[in-house]
Amino acid sequence: MKVLLVFAHPEPRSLNGALRDVAIKELEAQGHEVRMSDLYAARWKSEIDHADFRSLAPDARLKVAKASGEAFATNALTEDVKAEHEKLLWADVLILQFPLWWYAMPAILKGWVDRVYAYGFAYGVGEHSDKYRGKRFGEGTLAGKRAMLLVTTGGWEEHYSARGINGPIDDLLFPINHGILFYPGYDVLPPFVTYRVDRLDETGFHVVAERLRERMRTLGSTPPIPYRRQNGGDYVIPTLQLRPGLADPDANGFALHLDGTDTVDETSLRGRRAASGPLAASSGKRSPCGRQS
């Protein structure tokens, strides 16, 4: 397989840097081709502004979606963005690697998404009507490819459990897994999360590294998170609300969008779908949200 790893950490000697090297070495040992976008090393421009749309008059009002779509359609996006498009189309698998800072990805990685996910490439794809709401959430430009997150955090695993104060890790990562990866079509694999990294010693690192090697060895066979497809029949078009009778009555929030939580019988569900067209732990102090290096 061809794997693109987007790396978002400012310190190459960090734990993230060490885990990146473990992942790449194992992938290459398995015969996969690997390319990397190191955002800090490349001094990636994270903000989206007039400079991204060279055909836009300096005094023109910037409407990002409109300008993005026009630039994509006329091959007028900036060269750094076009280079990332080429990598994404080349890759069979995308890995986003980052430390969890203030419950989210670092700003530079969010800026990569903002600029690279152009209208016509990652969104605004396909027919938009009262019967079909575009190729997204399971369909789109990147459909048929796989993606996963490689995340570190200073907090304990218990802090991110169902009753943990930080909230379940799957909920915190839902906007990325579902809203950034599943949206343009990726099959999204469960994330690889390393906890308590500021307390990780050499023995602990070797345990984590071996777990990561195993995930890299099974990259092509790990079952993806079973998100519901937008156009698979589970949602009412165009309101995009889950159909009545689907999902466990006690389910709410993000859990509603996982397939396999339904109480209706599978025959009925299929019918509805058919009818619907030394190492690098941080040297800084941990914050309450688990920010680390």
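Between the side chain of Ser161 and the main chain of Glu158, a donor-acceptor pair closer than 3.5 Å is present. Lys145 places no side-chain N or O within 3.5 Å of a backbone atom of Gly185 that could act as its donor or acceptor partner. Between the Lys87 side chain and the Leu89 main chain, no donor and acceptor come within less than 3.5 Å of each other. Not a single donor-acceptor pair under 3.5 Å links the side chain of Arg115 to the backbone N or O of Asp52.
Contact check for Ile237 versus Tyr132: no side-chain heavy atoms found under the 4.5 Å cut-off. Side-chain contact check for Trp44 versus Asp38: every heavy-atom pair is 4.5 Å or farther apart. Within the 4.5 Å cutoff, the side chain of Val188 has no heavy atoms near those of the Pro224 side chain. Within the 4.5 Å cutoff, no side-chain heavy atoms of Arg229 are placed close to those of Tyr235. With contacts defined as side-chain heavy-atom distances shorter than 4.5 Å, the pair Asn75/Lys82 qualifies. At least one side-chain heavy atom of Asn16 sits under 4.5 Å from a side-chain heavy atom of Gln97. Taking the side chain as every heavy atom from C-beta outward, Thr218 and Glu214 approach each other to under 4.5 Å. For the pair Leu246/Arg228, a side-chain contact is recorded, criterion being any heavy-atom separation below 4.5 Å from C-beta on.
Scanning both residues, Leu242 and Leu256, for their nearest heavy atoms gives CD2-O, 3.7 Å. Residues Ala118 and Leu77 share a closest heavy-atom pair of CB-CD1, 4.0 Å. Minimum interatomic distance between Arg54 and Ala76 (heavy atoms only, all atoms of both residues): NH2-O, 3.2 Å. Heavy atoms only, all atoms of each residue included: Pro175 and Asp171 are closest at CD-O, 3.5 Å. Shown here for Gly138 and Ala143, the closest heavy-atom pair between the two residues is O-CB, 4.4 Å. Smallest separation of non-hydrogen atoms from Pro10 and Trp101: CD-CH2, 3.9 Å.
Checked against Leu96 for a side-chain contact (heavy atoms from CB on, under 4.5 Å), the options Leu181, Leu150, Leu4 give a single hit: Leu181.
Taking CG of Leu142 as the start and CZ of Phe121 as the end, the distance is 5.0 Å to the nearest 0.5 Å. Taking CD1 of Ile176 as the reference point, atom CG of Leu100 lies at 7.5 Å (rounded to 0.5 Å). Between the CZ atom of Phe53 and the CG atom of Leu62 there is a distance of 6.0 Å, given to the nearest 0.5 Å. Note that OG of Ser37 and CG of Leu88 are 7.5 Å apart. Values are rounded to the nearest 0.5 Å. From Ile95, atom CD1 reaches atom CZ of Arg146 across 11.5 Å, with rounding to the nearest 0.5 Å. Atom CG in Leu5 sits 8.5 Å away from atom CZ in Arg20 (nearest 0.5 Å).
Side chains of Asp80 and Thr78: a donor-acceptor N/O pair is present below 3.5 angstrom, by distance only.
Salt-bridge formation is detected for the pair Arg217/Glu26: a Lys NZ or Arg NE/NH1/NH2 atom is positioned less than 4.0 Å from an Asp or Glu carboxylate oxygen. For Lys2 and Glu86, the salt-bridge test fails: no basic side-chain N is under 4.0 Å from an acidic carboxylate O.
Residue Lys135 qualifies as open at atom NZ: its count of foreign heavy atoms under 6.0 Å is 12 or below. In the displayed structure, Arg163 atom CZ is contacted under 6.0 Å by at most 12 heavy atoms of other residues, nucleotides or ligands.
Grouping the Ile, Leu, Val, Met, Phe, Trp and Tyr side chains by contacts below 4.5 angstrom, directly or via other members, places Trp90 apart from Leu219. Grouping the Ile, Leu, Val, Met, Phe, Trp and Tyr side chains by contacts below 4.5 angstrom, directly or via other members, places Val207 apart from Val22.
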* Kindly determine whether Phe98 and Val151 satisfy side chain to side chain contact (heavy atoms under 4.5 Å, CB included), including the steps that lead there. => CA-CA 5 Å; Phe98 58 93; Val151 181; 3.7 Å; yes
* Asked: Should Leu240 and Gln230 be marked as a side chain to side chain contact (heavy atoms under 4.5 Å, CB included) after you check the CA-CA gap, both sets of side-chain angles, and the distance that decides it?
  -> CA-CA 7 Å; Leu240 301 182; Gln230 174 189 280; 3.8 Å; yes
* **Residues Glu139, Val125; criterion side chain to side chain contact (heavy atoms under 4.5 Å, CB included); working and verdict** => CA-CA 9 Å; Glu139 300 177 275; Val125 177; over 6 Å; no
* Candidate pair Leu173 and Val193, rule side chain to side chain contact (heavy atoms under 4.5 Å, CB included), full reasoning -> CA-CA 10 Å; Leu173 297 179; Val193 183; 4.3 Å; yes
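Using bins of under 30°, 30° to 60° and over 60° for the plane-to-plane angle, the ring pair Phe174/His257 lands in the tilted bin. Between Tyr227 and Phe182, the angle of the ring planes lies from 30° to 60°, which puts this pair in the tilted group. Between His85 and Phe72, the ring-plane angle classifies as perpendicular under the 30° and 60° cut-offs.
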Show which side-chain atoms of residues 105-112 pair as donor or acceptor with protein atoms under 3.5 Å away, not counting sequence neighbours.
from: Lys110; atom 1: NZ; to: Asp114; atom 2: OD1; distance (Å): 2.7
from: Lys110; atom 1: NZ; to: Asp114; atom 2: OD2; distance (Å): 3.3
from: Trp112; atom 1: NE1; to: Glu84; atom 2: OE1; distance (Å): 2.9

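Relative to the six-membered ring of Phe192, Arg215 misses at least one condition, a distance below 6.0 Å or an angle of at most 45° to the axis.
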